[in-house]
2 protein chains.
Amino acid sequence: MKKEIDNKLNLKNIKPTAMRQLVLQVLTEQKTAISLPELEQKFEKADKATLYRTLKSFQENKLIHSIEDGSGSLRYALCQDNCECDPEDLHVHFLCTNCNQTFCLNDIPVPTINLPSSFSFESVNMVVKGICSNCKK
Amino acid sequence: MKKEIDNKLNLKNIKPTAMRQLVLQVLTEQKTAISLPELEQKFEKADKATLYRTLKSFQENKLIHSIEDGSGSLRYALCQDNCECDPEDLHVHFLCTNCNQTFCLNDIPVPTINLPSSFSFESVNMVVKGICSNCKK
DNA sequence: AAGTTGATGCAACCGGGTTGCAAAGTTATT
DNA sequence: AATAACTTTGCAACCCGGTTGCATCAACTT
């Protein structure tokens, strides 16, 4: 366990501090994308700013990606192994309006948009809202 | 001018107060989607809360639609004439990472996503980021 | 061991969004 | 025309996610 965590960090050139190990641990166990305040709650006593900076460095090193979740806040989730956070790596996200969880639909790529030629493309954020499988039952 | 504004409001069953006329005026002149703080700045002296509630009632009455602009804040733009804010009415939005303006790509509908059958669809938000035509020059 | 660099914790701030409440304005009722 | 009932407005205050400054602490360099 510990080994794998450290491995992942090293692979992305992130110095494996205690804090970072813990955060990555949480992110690994987490099936849905998590927000900063949610992450904060996972710890008894943790500093928001530290977590914030931890997530930021994870993101800069392409260990996680962030999405605007459709309710005005950011959420974070682990990238797929091969992810380079390039446009082709982007997938659709799903926000459940009932339980408020955000799911990575990893196997649904964001459709390509034919922009007017006067616009140039950098990235795209696509969030579908509805009811998730858990809440439908 | 005044006539058209009032007409639009009446059509959507919104009582045409002075404030609402002014806000709709601004929205009509505005080519890009506007945020609440931006709207505030368009007036010498206007109350944020009132503007907020004005936008809210416009939205409830389907005179305008809102989008999460990809930078964490909401923006508002006039609906098309025939718009019912149904999923089929949704279009893609474009955020310029240079000038920070949000454009309605009215003629680019949001592509349909085939959700896993266990998820049900309500709505979708799609924002493309890049450089707009003005900034490319 | 001293010096450099980076990580952490605390506090404070910022800005968008939102609400409560009282005053002003409008509409309806007699 | 006067009153009651409802709506809109303005002000203040608040909430919360995100962010920064700064001092401290840890790790690593020479």
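Bear in mind the structure is a predicted one, so any value in this text is a computation, not a measurement. Throughout, a chain's letter reflects where its sequence line sits, starting with A, and its residues are numbered from 1. Quick note: numbers below take in every heavy atom, side chains included, and nothing from hydrogens, waters or symmetry partners.
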*If every non-hydrogen atom of Glu40(A) is compared with every non-hydrogen atom of Leu51(A), which pair is closest and at what distance?*
CA-CD1, 3.6 Å
*What's the closest nucleotide to the Lys15(B) side chain, out of dG10(D), dT7(D), dT9(D)?*
dT7(D)
*asked:* Tell me whether the count of non-hydrogen atoms from other residues, nucleotides or ligands lying under 6.0 Å of NZ in Lys12(A) goes above 12.
replied: yes
*asked:* I need the CD1-P distance between Ile14(A) and dA27(D), as an integer number of Å.
replied: 18 Å
_Any donor-acceptor N/O pair under 3.5 Å between dG10(D) base and Arg53(B) side chain_ = yes
*Criterion side-chain hydrogen bond (donor to acceptor under 3.5 Å, both in side chains) on Glu29(B) and Gln25(B), from CA distance to verdict*: CA-CA 6 Å; Glu29(B) 288 163 1; Gln25(B) 184 69 46; 2.9 Å; yes
*For Leu39(A) and dC16(D), give me the distance from atom CG to atom C1', rounded to whole Å.*
16 Å
_So Thr50(A), base contact, sugar-phosphate only, or nothing? Heavy-atom distance under 4.0 Å._
base
*asked:* Taking 4.0 Å as the cut-off, does a side-chain nitrogen or oxygen of Thr17(B) come that near to OP1 or OP2 on dT9(D)?
replied: yes
*Rounding to a whole Å, what distance do you find between Asp47(A):CG and dC22(D):P?*
17 Å
*Heavy atoms only: give me the nearest Cys96(A)-Cys132(A) pair and the separation to one decimal.*
SG-N, 3.4 Å
*Once you round it to whole Å, what is the distance between C1' of dT19(D) and CD of Glu60(A)?*
14 Å
*Could you state the CG-P distance from Leu22(B) to dT8(D), rounded to the nearest angstrom?*
16 Å
*State yes or no: are the ring centers of Phe119(B) and Phe103(A) separated by less than 6.0 Å?*
yes
*Can you say whether the rings of His91(B) and His65(B) are parallel (under 30°), tilted (30 to 60°) or perpendicular (over 60°)?*
perpendicular
*Contact boundaries of DNA chain C with chain A (under 4.0 Å, heavy atoms), 5' to 3'?*
dG6(C) to dA11(C)
_Are more than 12 heavy atoms, taken from residues, nucleotides or ligands other than Asp86(A), located less than 6.0 Å from that residue's CG atom?_
yes
*5'-most contact on DNA chain C: Leu74(B) or Arg20(A), nearest heavy atom basis?*
Arg20(A)
*Take atom OH of Tyr52(B) and atom P of dC11(D), then tell me their distance rounded to the nearest Å.*
19 Å
_First of Lys48(B) and Ala18(B) reached from the 5' end of DNA chain D, by closest nucleotide_ = Ala18(B)
